[in-house]
Amino acid sequence: MTFPVDLLALLLRTSKLAALTGAGVSQESGLRTFRDAQNGLWAQYRPEDLASPQAFARDPKLVWDWYAWRREAVKAVRPNPGHYALVEIEKRVPYFTLITQNVDGLHRMAGSQNVLELHGNIQRVRCAECALPAETWGDDTESVPTCAACGGLLRPDVVWFGEALPRDQLEAAVEAARACQVFFSIGTSGVVQPAASLAYAARNRGAVLVEVNLDPTPLTPKADFFLQGKSGEILPELVRAVWG
Ligand code: APR
């Protein structure tokens, strides 16, 4: 891909950079994006119908099993060149904040250090009642495991539809968006709030907006640069073009 020269020159002198990533960054690792149709046993369900407190209250076992299936799916995949390119950017840009909506943990697995997990992490489990994190739990496939401290049901430590995001992560993300000179929106459809508003928070403070996506999104008309294609290809090429 050939990049606009002004983008390359800008990035070379940028010291404060923030990036928001979505499921598209993990797609090339073999993980379906959030709005991709599900497959196999789960094809009959929409993620939105499983990732909610109501779904968990209605059928905790179904929701627990879906996340157990997703945990196994994540264990089977590895970060892709897009994840590693973001690790390289973090090494080269003095102030780089990686904000992700992904719960797969692949950014940390690739080596990113300063990661804000807005929607939690699927590998972490906590008690639905007392919120105590659970490091281990029973493998009884007939029932949802319970908290060793209070007996409450265990649940994945992710943000479900209708739930508040972790305040500390969100506040740090807003601060990074407002402070950055360049904001990347990568592999996200930009439709879920409050993550989707971060790009606008950055732009309103004068940041240059760069979007990397297979297809245009509602954000694209506002982006200063729209790099269309796979993040696993574009990001490594961009790192080579800017930082050599
Ligand atoms: N490279 C770049 N972009 C890609 C790639 C790729 N290889 N593959 C897919 N995309 C883009 C799609 O075009 C789409 O715009 O990634 C985006 C994925 O969008 P969604 O599936 O909506 O995922 P995401 O934006 O992360 O969803 C945000 O919504 O449902 C909630 O909590 C859930 O974190 C999720 C949030």
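Each ligand, and each atom within it, is numbered from 1 in the order the structure gives.
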Pull out every atom of ligand 1 sitting under 4.0 Å from any heavy atom of Ala23, numbered as shown with elements.
23 (O), 24 (P), 26 (O)
Considering the heavy atoms of Asp215, write down every atom of ligand 1 situated less than 4.0 Å from one of them.
13 (O)
For Glu211 and Thr220, test the side chains for any donor-to-acceptor distance below 3.5 angstrom and give the result as yes or no.
yes
Is the contact between Val192 and ligand 1 made by the side chain, the backbone, both, or neither, using heavy atoms and a 4.0 Å cut-off?
side chain
Hits for ring-ring contact (aromatic ring centres under 6.0 Å, His included) against Trp243, two or more places apart or cross-chain, chain-then-number order -> none
Heavy-atom distance to atom 12 (C) of ligand 1: which of Leu227, Asn213, Leu214 wins?
Asn213
Between Gln27 and ligand 1, which residue portion shows a heavy-atom distance shorter than 4.0 Å: side chain, backbone, both, or neither?
side chain
Output all residues satisfying ring-ring contact (aromatic ring centres under 6.0 Å, His included) with Phe56, sequence neighbours left out; order by chain, then residue number.
Trp160
If you count the atoms of ligand 1 from 1 in the order shown, which ones are under 4.0 Å from a heavy atom of Gly187?
3 (N), 16 (O), 17 (C), 18 (C)
Below 4.0 angstrom from a heavy atom of Thr188, which ligand 1 atoms are there? Numbered from 1 as shown, please.
15 (O), 16 (O), 17 (C), 24 (P), 25 (O)
Compute the minimum heavy-atom distance from Gly229 to ligand 1 and say whether it is under 4.0 Å.
yes
With a 4.0 Å cut-off, would you call Arg240 and Glu237 a salt bridge?
no
Would you kindly check if the NZ (Lys) or CZ (Arg) of Arg71 is within the cone defined by 45 degrees around the ring axis of Trp64 and under 6.0 Å from the six-membered ring centre?
yes
